[in-house]
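Position 1 is the first residue of the sequence, and the numbers go up from there. Computed from a prediction, not measured in an experiment: that's the story for all the values here.
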Amino acid sequence: AYRRVACKYSPLGCKWEGVAGELAAHEDRCKKAEAPGWKLLKRVVEREAAQRSAHAAALTAAREGQRVVEMLSSRCKNVEFTNVVLHRCSAHEHVAGRPAHCVSATFHALGFRWKLYTLSEHTERRFSAVLQLRESRAPLRTDAFILPGHVMPEGVQLRIGTLARTFDSRHKTSEPVLLAEGGAAEQLDALESVTLRVGLIDRRAGRPDPGFLGQLNLGGGGLDGWDEEGVLSDSGGGGGGGSDSDFESDDSGGASGGRGYY
């Protein structure tokens, strides 16, 4: 008699909740039970549309997460993760042909210098991120994913952004990666700073980075058991001691990173 229950007309919009002993009395006078058929049908259609939208959003999030898992499950030279703090930038600063919203300090990953920008598109109500390589000595084939940082506005849920690109001297900037839409994008646009977490995966050919393997290169001829193409030979032992994560940050304190290990 004292368990919590909801009205049987709740699918039609009744918000009453109470104890079971009061349920019958409420349902006898519930206004939703007397609503005309066209109103009931409209309510049912709206409810189904909301459920489909929620299902589509959950499916998109699951696919984005699966994409990150696939990135981290395939062979690569190195993986590094960096926490990046972006601050509101000047209205004159542009990236990818558009005015930038926030920009990070330069951070280091995979042996290169990077910057991360955010874009806020008011008309489309979209909030995106753009990754920029600051220098390029040779083509750099990279996968990347962008996750929410540890400090986010309450109620704002960011999508997981992923990209695959070969950076070089002529293509130093990625395409915008969508992170939020609608109300979430508007909330992010009002912020003076945003914290994001960036994962960078080195897809260049060759043997894995010694630090990524947790091995020490004690000789001049490369790692034991690995040939020049990065393939582990049948006779390879893969010795060497473990190494702690290498953390590095630039002088401005805007980013901190470390190597990932499998």
Side-chain angles (χ1 to χ4, degrees), residues 1-71 85-86 88 91 96 98-102 116-130 145-163 175-199:
Y2 295 99
R3 71 184 187 279
R4 300 291 298 180
V5 294
C7 176
K8 68 179 181 181
Y9 299 110
S10 58
L12 304 178
C14 180
K15 300 185 184 332
W16 183 89
E17 290 184 356
V19 296
E22 301 173 357
L23 179 62
H26 163 78
E27 291 179 345
D28 287 342
R29 62 178 186 274
C30 182
K31 294 182 180 180
K32 295 298 180 182
E34 302 172 359
W38 67 270
K39 279 191 175 181
L40 298 178
L41 180 59
K42 180 181 178 182
R43 179 63 182 174
V44 170
V45 171
E46 291 174 348
R47 184 181 177 87
E48 289 181 349
Q51 289 176 338
R52 285 196 299 269
S53 177
H55 176 73
L59 188 59
T60 298
R63 287 172 176 165
E64 292 165 349
Q66 180 63 29
R67 173 64 178 147
V68 173
V69 171
E70 292 172 354
M71 285 181 172
V85 180
L86 301 91
R88 181 84 69 159
R98 307 171 196 179
H101 170 257
C102 288
L116 187 66
Y117 294 82
T118 56
L119 302 175
S120 183
E121 303 170 72
H122 301 91
T123 305
E124 294 83 4
R125 300 176 71 200
R126 293 161 60 93
F127 191 84
S128 308
V130 174
F145 53 89
I146 302 171
L147 309 175
H150 64 282
V151 180
M152 295 300 299
E154 185 176 355
V156 174
Q157 292 190 355
L158 262 65
R159 297 175 54 171
I160 299 174
T162 60
L163 64 94
E175 293 296 322
V177 178
L178 182 63
L179 298 181
E181 294 181 288
E186 292 177 347
Q187 285 182 269
L188 291 165
D189 176 64
L191 298 178
E192 292 297 319
S193 64
V194 181
T195 303
L196 298 173
R197 186 165 172 80
V198 182

Point to revise | Point-to-point distance, once rounded to the nearest 0.5 Å, from CG of L23 to NZ of K8 | key: 8.5 Å
Review point. What is the minimum heavy-atom distance between G161 and V177, and which atoms define it?
Key: CA-CG1, 3.3 Å
Practice item. Would you check if the side chain of T60 reaches a backbone N or O of A56 as a donor-acceptor pair within less than 3.5 Å? Key: yes
Exercise for review: Heavy atoms only: give me the nearest A129-L179 pair and the separation to one decimal.
Suggested key: CB-CD1, 3.7 Å
Point to revise | Spacing of Y2 atom OH and E22 atom CD [to the nearest 0.5 Å] | key: 9.5 Å
Point to revise | Partner set under ring-ring contact (aromatic ring centres under 6.0 Å, His included) for Y117, not counting sequence neighbours | key: none
Point to revise | Contact check, side chains of T162 and E64, non-hydrogen atoms, under 4.5 Å | key: no
Study note, to complete from the structure: For E192, the salt bridge (charged side-chain N to carboxylate O under 4.0 Å, His left out) test, sequence neighbours excluded, returns R88
Practice item. Flag the pair R98 / E121 as yes when at least one side-chain heavy-atom distance between them is below 4.5 Å, and no otherwise. Key: yes
Check your understanding: For P176 and V130, which heavy atoms make the closest approach, and how far apart are they?
Key -> CA-CG2, 3.8 Å
Study note, to complete from the structure: Separation between NE2 (H55) and CD (E48), nearest 0.5 Å, reads 14.0 Å
Review point. What residue among L147, L158, V85 forms side chain to side chain contact (heavy atoms under 4.5 Å, CB included) with L196?
Key: L158
Check your understanding: Can you name the closest pair of heavy atoms from P99 and L119 and give their distance?
Key -> O-CD2, 3.4 Å
Point to revise | Side-chain touch L178/S128, heavy atoms, less than 4.5 angstrom | key: yes
Exercise for review: Looking only at non-hydrogen atoms, find the nearest pair between R4 and V19 and report the distance.
Suggested key: NH1-N, 4.3 Å
Please report, to 0.1 Å, the donor-acceptor pairs under 3.5 Å made by any side chain of residues 11-18, with sequence neighbours excluded.
none

Review point. Of all heavy-atom pairs between C30 and Y9, which one has the smallest distance, and what is that distance?
Key: SG-CD1, 3.8 Å
**Study point:** Gap separating the CD atom of E181 from the CD atom of E124, nearest 0.5 angstrom
**Key:** 10.5 Å
Practice item. Any chance you could lay out the side chain to side chain contact (heavy atoms under 4.5 Å, CB included) test for T118 and L188, step after step, and finish with the verdict? Key: CA-CA 10 Å; T118 56; L188 291 165; over 6 Å; no
